[in-house]
Structure formats: C-alpha cells, structure tokens
Amino acid sequence: MMKSFLVFFFASFLVIIVASFLLPIAVIQFGIALPVIVFIALVLFVVFYGFKVARKGLKPKDIPNGLPATATVIKSYQGNMKMTLGGVQEFYQLEIEVNVKNNLGETWPAKIIEMIPITQVGLFQPGLSFAVKYDPNDRTKVVFDQTPGGTQNSRDIPGYGTVNAQEVQSSMQAAPKDITLRLQAANALYQDLKVNGVASEAIVKSCKTLYATYLAGSDAVLLELQVNALDREPFEAEIVSLVSKSALPKLAPGKTVFVSYDYNNPMRVCMTGTDKVDSSIQL
C-alpha cells in the first residue's frame with residue numbers, strides 16, 4: 001500500500017507540473033477563469049485523494065483467512081520511511097523481527113514491516129509478545145491480529161514487571177513527546193552499552209523529576225552524575241532515566257549508582273541500576 005502511495009505521489013507531482021506548464025496556454029485559449037478553476041480543482045483533488053490514500057496505507061495489513069499465533073520480538077529497528085498527517089501525527093516504518101509460535105507449538109522466524117505511530121515505536125522491545133495472524137500457505141507472511149482481543153498484549157519491562165502493552169501506550173501518549181523520545185533514546189543506549197560499554201559506579205550530584213508517574217509507580221528523572229571510571233579521571237555526565245518512586249531516595253546527592261559508559265565516547269552514559277547492576281527500568 002505504501003508503494004501505491006509513492007506511485008500516486010510521483011504521478012500526481014508530474015501531472016501538476018505538466019498542468020502548470022499548460023495553464024498559460026489554456027488561459028490564452030479560454031480566458032483566465034476556467035483554466036484557473038480547473039487547475040485549482042486538480043490540485044485539491046490530488047491533496048485530498050492523496051491524504052485518503054496515505055491514511056489507508058497507514059492501516060495495519062491484514063490476512064483475512066490467516067491463522068492465529070503469538071509473536072515474540074527478537075529485535076526491531078526503524079526503516080527509511082516517515083509520514084506526518086495533519087502536521088501532528090507522526091508515523092515511522094518499523095521492521096520487527098519476531099519468533100512466531102502457533103497453537104500447534106510450531107515456531108519459525110518472520111519479519112513484520114508496518115507504519116507505526118511514534119508513541120508505539122518504543123513498545124516493540126525484545127521479549128514483547130503479541131497476537132498475530134499468519135498465512136498458512138506462506139508462513140513468512142505475518143501481520144498484527146486486529147480481531148477483538150488480539151491487541152491486548154503483555155509486555156515485560158526490565159526492572160518494572162509485566163504490564164499490558166496498551167497501558168504502556170496510554171502512558172506514552174499522555175507524557176510529553178520529548179520525554180518519551182529521550183527515554184527511548186536512553187533505552188537504545190542501554191541496549192548498546194549493555195554489550196559494548198564499560199561498567200562503573202557513579203556519584204549522584206543532582207536528581208530532577210522531569211515527569212511524575214510516567215508509568216504507575218515510576219518517574220522520569222534527569223540525573224547529573226560523577227562517573228568514577230577506573231580507566232580515566234572521574235567525569236561528569238547527564239542522563240535521563242525511569243526510576244521507581246521507591247528508589248528515588250537512593251538518588252539523593254552523594255548516593256552511589258551503577259552505570260555503563262562508552263569507552264570511546266564517555267559522554268554516552270546510561271544508568272544500569274541503583275542497588276545492583278541490570279536492575280534499572282528500561283522503557
């Protein structure tokens with residue numbers, strides 16, 4: 001469907017260009033009123049029909065005769081497409097690699113490619129399970145299950161627990177977009193530094209609440225830290241993180257937390273826990 005939209009967009013662009021060149025000739029032949037009215041009508045048709053095609057292209061794909069299954073995210077990443085509707089709604093192409101398991105216990109890998117609202121992009125983290133449908137004649141074709149109850153998916157948030165994915169989505173929609181983007185960036189950094197980073201301890205210099213109760217019982221905070229690295233002089237860093245309200249006293253100035261940083265760029269720092277490593281909340 002997105003390919004159809006792109007074809008329509010380029011075809012419409014060419015039509016308008018040709019019409020703009022023919023407009024002066026038409027004005028000479030028929031006067032100014034009729035050609036201008038026709039040209040404006042053409043532009044309006046392209047705009048409104050293009051908007052309709054775009055909205056249709058943003059609807060999740062479906063397999064009418066598909067069979068139910070459960071997909072678990074292996075990894076996800078953004079594609080090369082982005083769309084904005086009405087200047088407000090932003091959609092990103094998301095490629096989600098999953099492991100599919102049907103009711104017979106059979107499993108196989110697949111990839112789902114969809115345009116996803118920006119508020120939902122961060123949901124598809126490794127370990128998330130959700131309902132899907134697959135084509136029994138071609139199991140590589142897998143789509144979100146849009147039937148009632150098919151989208152009520154659970155999600156395990158490290159350091160937080162298992163929650164309904166819709167609850168997470170609602171929280172992300174209620175919070176300011178910039179905070180959500182910063183938390184998503186912090187999670188992506190955490191995933192990278194968990195493998196490639198250098199573990200260390202850090203001293204809290206200050207803790208500021210950016211958004212209270214981002215998720216039930218947890219706040220989004222801005223931390224200023226002094227990282228006591230073993231391979232270089234101590235350095236300061238500023239990070240954004242989700243922290244449970246019960247752990248906030250452990251972020252008072254002077255307290256020690258666990259972090260990981262990029263050896264080649266020590267300004268890339270993420271918190272890995274307050275009491276122990278790998279205990280921080282990751283959106």
Side-chain angles (χ1 to χ4, degrees), residues 1-5 55-83 89-173 180-181 183-192 194-195 215-216 242 278 281-283:
M1 184 58 67
M2 291 308 300
K3 290 182 179 179
S4 298
F5 171 74
R55 289 192 67 87
K56 188 175 181 180
L58 292 172
K59 290 183 179 180
K61 304 181 186 72
D62 189 26
I63 300 176
N65 299 318
L67 299 179
T70 300
T72 302
V73 178
I74 300 173
K75 65 178 179 179
S76 65
Y77 42 88
Q78 290 185 17
N80 55 8
M81 292 188 65
K82 173 186 175 182
M83 291 187 66
Q89 294 178 287
E90 293 185 350
F91 294 80
Y92 289 83
Q93 184 185 64
L94 195 66
E95 300 186 18
I96 310 167
E97 295 185 14
V98 298
N99 189 51
V100 183
K101 183 176 182 179
N102 64 13
N103 295 334
L104 299 176
E106 299 171 319
T107 61
W108 65 93
K111 179 185 288 188
I112 300 173
I113 302 177
E114 287 283 5
M115 296 297 293
I116 303 293
I118 188 173
T119 54
Q120 298 181 23
V121 169
L123 291 177
F124 297 94
Q125 298 299 320
L128 170 69
S129 295
F130 54 92
V132 296
K133 293 197 296 183
Y134 68 92
D135 186 339
N137 298 316
D138 184 356
R139 293 187 176 189
T140 62
K141 295 181 179 180
V142 179
V143 299
F144 294 120
D145 189 349
Q146 299 299 310
T147 57
T151 57
Q152 301 302 312
N153 312 310
S154 62
R155 178 183 174 191
D156 182 37
I157 298 181
Y160 185 82
T162 301
V163 295
N164 186 286
Q166 295 295 334
E167 295 178 6
V168 178
Q169 178 183 341
S170 297
S171 297
M172 294 173 69
Q173 290 176 331
T180 294
L181 291 174
L183 287 172
Q184 291 175 341
N187 174 65
L189 179 61
Y190 172 83
Q191 298 299 330
D192 179 25
K194 186 177 181 179
V195 177
L215 295 177
L242 266 180
D278 294 333
I281 300 174
Q282 298 301 322
L283 182 63

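Here, residue 1 is the first one in the sequence, and each next residue gets the next number.
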Using side chain to side chain contact (heavy atoms under 4.5 Å, CB included), reason through Val142 and Tyr134 one step at a time and then give a plain yes or no.
CA-CA 4 Å; Val142 179; Tyr134 68 92; 4.1 Å; yes
Output the distance between atom [atom1] ([X]) and atom [atom2] ([Y]), rounded to the nearest 0.5 Å.
X      : Y      : atom1 : atom2 : result
Leu242 : Leu215 : CG    : CG    : 5.5 Å
Gln191 : Asn187 : CD    : CG    : 5.0 Å
Glu95  : Glu114 : CD    : CD    : 11.5 Å
Ile96  : Ile113 : CD1   : CD1   : 9.5 Å
Tyr77  : Leu94  : OH    : CG    : 9.5 Å

Does Asp138, at its CG atom, have more than 12 non-hydrogen atoms belonging to other residues, nucleotides or ligands within less than 6.0 Å?
yes
Are any of the side-chain heavy atoms of [X] and [Y] separated by less than 4.5 Å?
X      : Y      : result
Ile112 : Val132 : yes
Phe130 : Val73  : yes
Val100 : Trp108 : yes

For the student: nearest non-hydrogen atoms of [X] and [Y], plus distance:
X      : Y      : result
Ala69  : Lys101 : CB-O, 3.4 Å
Thr140 : Ala110 : O-CB, 4.2 Å
Lys75  : Pro126 : CA-CG, 4.5 Å

Centroid-centroid distance, Phe124 to Phe144, less than 6.0 Å:
yes
Does Ile63 form a side chain to side chain contact (heavy atoms under 4.5 Å, CB included) with Lys141? I'd like the steps, not just the answer.
CA-CA 8 Å; Ile63 300 176; Lys141 295 181 179 180; 4.2 Å; yes
